[in-house]
Amino acid sequence: MTADRLAALPAIPRDADGPVFHEPWEAQAFALAVRLHEACLFGWDEWAVALGAEIKAAQAAGDPDTGETYYRHWLAALEKLVAAKGAVTDAELADRKAAWDRAARATPHGEPIVLGRELQAP
(Lines give C-alpha, C1' and ligand atoms only; values in the text may rest on other atoms or scores of the structure.)
Protein backbone atom coordinates (compact mmCIF):
# COMPACT_ATOMS: atom_id res chain seq x y z
CA MET A 1 0.00 0.00 0.00
CA THR A 2 1.44 3.37 -0.95
CA ALA A 3 2.25 5.88 1.78
CA ASP A 4 -0.41 8.34 0.60
CA ARG A 5 -3.12 5.66 0.67
CA LEU A 6 -2.00 4.47 4.08
CA ALA A 7 -2.03 8.03 5.41
CA ALA A 8 -5.67 8.31 4.31
CA LEU A 9 -6.53 5.32 6.51
CA PRO A 10 -5.26 6.31 9.97
CA ALA A 11 -7.28 3.65 11.83
CA ILE A 12 -5.47 0.72 10.21
CA PRO A 13 -3.10 -0.87 12.75
CA ARG A 14 0.51 -0.50 11.64
CA ASP A 15 4.09 -0.62 12.72
CA ALA A 16 7.13 1.09 11.19
CA ASP A 17 6.91 -1.19 8.14
CA GLY A 18 3.20 -0.65 7.44
CA PRO A 19 -0.10 -2.38 8.19
CA VAL A 20 -0.02 -5.36 10.56
CA PHE A 21 -2.33 -8.06 11.80
CA HIS A 22 -2.21 -8.68 15.53
CA GLU A 23 -3.95 -12.07 15.36
CA PRO A 24 -4.32 -14.70 12.62
CA TRP A 25 -8.11 -14.21 12.49
CA GLU A 26 -7.57 -10.60 11.45
CA ALA A 27 -5.61 -11.69 8.38
CA GLN A 28 -8.27 -14.30 7.63
CA ALA A 29 -11.07 -11.72 7.88
CA PHE A 30 -9.12 -9.40 5.60
CA ALA A 31 -8.53 -12.18 3.06
CA LEU A 32 -12.17 -13.22 3.18
CA ALA A 33 -13.30 -9.69 2.37
CA VAL A 34 -10.87 -9.53 -0.54
CA ARG A 35 -12.05 -12.91 -1.85
CA LEU A 36 -15.74 -12.00 -1.57
CA HIS A 37 -15.04 -8.78 -3.46
CA GLU A 38 -13.22 -10.77 -6.15
CA ALA A 39 -16.28 -13.05 -6.34
CA CYS A 40 -18.35 -9.88 -7.02
CA LEU A 41 -20.43 -10.17 -3.85
CA PHE A 42 -19.82 -6.45 -3.23
CA GLY A 43 -17.81 -3.56 -4.61
CA TRP A 44 -15.16 -1.63 -2.73
CA ASP A 45 -17.33 1.48 -2.51
CA GLU A 46 -20.06 -0.59 -0.87
CA TRP A 47 -17.49 -2.18 1.43
CA ALA A 48 -16.14 1.23 2.46
CA VAL A 49 -19.63 2.42 3.36
CA ALA A 50 -20.30 -0.74 5.42
CA LEU A 51 -16.98 -0.56 7.27
CA GLY A 52 -17.33 3.18 7.85
CA ALA A 53 -20.81 2.70 9.28
CA GLU A 54 -19.56 -0.03 11.61
CA ILE A 55 -16.68 2.10 12.87
CA LYS A 56 -18.96 5.11 13.33
CA ALA A 57 -21.48 3.00 15.30
CA ALA A 58 -18.69 1.63 17.50
CA GLN A 59 -17.36 5.11 18.19
CA ALA A 60 -20.86 6.29 19.09
CA ALA A 61 -21.07 3.34 21.52
CA GLY A 62 -17.81 4.43 23.18
CA ASP A 63 -15.08 2.61 21.24
CA PRO A 64 -11.90 4.62 21.90
CA ASP A 65 -10.80 4.13 18.26
CA THR A 66 -7.18 3.36 19.09
CA GLY A 67 -6.86 0.89 16.23
CA GLU A 68 -6.94 -2.15 18.51
CA THR A 69 -10.54 -2.96 17.57
CA TYR A 70 -10.25 -2.18 13.87
CA TYR A 71 -10.56 -5.77 12.66
CA ARG A 72 -13.47 -6.44 15.02
CA HIS A 73 -15.26 -3.69 13.12
CA TRP A 74 -13.99 -5.19 9.85
CA LEU A 75 -15.48 -8.58 10.77
CA ALA A 76 -18.75 -7.10 11.99
CA ALA A 77 -19.13 -5.10 8.77
CA LEU A 78 -18.32 -8.19 6.72
CA GLU A 79 -20.90 -10.29 8.60
CA LYS A 80 -23.60 -7.66 8.10
CA LEU A 81 -22.75 -7.17 4.44
CA VAL A 82 -22.79 -10.88 3.52
CA ALA A 83 -26.07 -11.30 5.41
CA ALA A 84 -27.58 -8.29 3.61
CA LYS A 85 -26.48 -9.81 0.30
CA GLY A 86 -28.16 -13.11 1.16
CA ALA A 87 -24.89 -15.05 1.13
CA VAL A 88 -25.61 -16.27 4.66
CA THR A 89 -28.68 -16.26 6.88
CA ASP A 90 -28.67 -14.94 10.42
CA ALA A 91 -29.19 -18.52 11.64
CA GLU A 92 -26.25 -19.82 9.59
CA LEU A 93 -24.06 -17.04 10.90
CA ALA A 94 -25.10 -17.78 14.49
CA ASP A 95 -24.43 -21.50 13.97
CA ARG A 96 -20.97 -20.80 12.57
CA LYS A 97 -20.10 -18.45 15.44
CA ALA A 98 -21.24 -21.09 17.93
CA ALA A 99 -19.13 -23.73 16.17
CA TRP A 100 -16.03 -21.51 16.38
CA ASP A 101 -16.76 -20.84 20.05
CA ARG A 102 -17.01 -24.58 20.76
CA ALA A 103 -13.81 -25.21 18.81
CA ALA A 104 -11.98 -22.47 20.73
CA ARG A 105 -13.10 -23.95 24.03
CA ALA A 106 -11.93 -27.41 22.93
CA THR A 107 -8.51 -26.17 21.83
CA PRO A 108 -5.59 -26.53 24.23
CA HIS A 109 -3.86 -23.24 25.03
CA GLY A 110 -1.25 -22.31 22.45
CA GLU A 111 -2.63 -24.50 19.66
CA PRO A 112 -4.40 -23.15 16.58
CA ILE A 113 -8.18 -23.19 16.74
CA VAL A 114 -9.56 -25.62 14.19
CA LEU A 115 -13.23 -25.70 13.31
CA GLY A 116 -14.51 -29.20 13.94
CA ARG A 117 -12.08 -29.83 16.79
CA GLU A 118 -15.03 -29.93 19.18
CA LEU A 119 -16.30 -32.95 17.24
CA GLN A 120 -13.07 -34.92 17.57
CA ALA A 121 -12.68 -37.53 20.29
CA PRO A 122 -10.48 -36.42 23.21
Value rounded to 0.5 Å, distance of [atom1] in [X] from [atom2] in [Y]:
X      : Y      : atom1 : atom2 : value
Lys56  : Asp63  : NZ    : CG    : 15.0 Å
Tyr71  : Leu51  : OH    : CG    : 9.5 Å
Arg35  : Glu38  : CZ    : CD    : 5.5 Å
Ile113 : Trp100 : CD1   : CH2   : 7.0 Å

Test side chain to side chain donor-acceptor pair (under 3.5 Å) applied to [X] - qualifying residues, sequence neighbours left out:
X      : value
Lys97  : Glu79
Arg105 : Asp101
Glu92  : Thr89

Looking at side-chain heavy atoms only, is the closest gap between Leu75 and Glu26 below 4.5 Å? no
Which residues pass the side chain to side chain contact (heavy atoms under 4.5 Å, CB included) test with Ala83, not counting sequence neighbours? Val88, Asp90
Quick one: side chain to side chain contact (heavy atoms under 4.5 Å, CB included) partners of Ala57, sequence neighbours excluded? none
Please report the shortest heavy-atom distance between Ala77 and Ala50, naming the atom on each side. CB-O, 3.8 Å
To check you understand the geometry: which heavy-atom pair defines the closest contact between Ala29 and Leu78, and what is its length? O-CD2, 3.9 Å
Do Trp25 and Leu36 sit in one hydrophobic cluster, given that two such residues count as connected whenever their side-chain heavy atoms are within less than 4.5 Å of each other, even indirectly? yes
Hphob cluster co-occupancy, Leu93 + Leu32, side-chain heavy atoms under 4.5 angstrom: yes
Checking ring pair (Phe, Tyr, Trp, His ring centres under 6.0 Å) between Phe21 and each of Tyr70, Phe30, Trp74, which is the one that passes? Phe30
With sequence neighbours excluded, what pairs up with Lys80 under the salt bridge (Lys or Arg N to Asp or Glu O under 4.0 Å) test? Glu54
Going by salt bridge (Lys or Arg N to Asp or Glu O under 4.0 Å), name the residues that satisfy it together with Asp95, two or more places apart in sequence or in a different chain. none
Side chain to side chain donor-acceptor pair (under 3.5 Å) pairs, two or more places apart, involving residues 41-52: His37-Trp44, Glu46-Lys85
Donor-acceptor contact present, side-chain Glu111 to main-chain Thr107, <3.5 Å: no
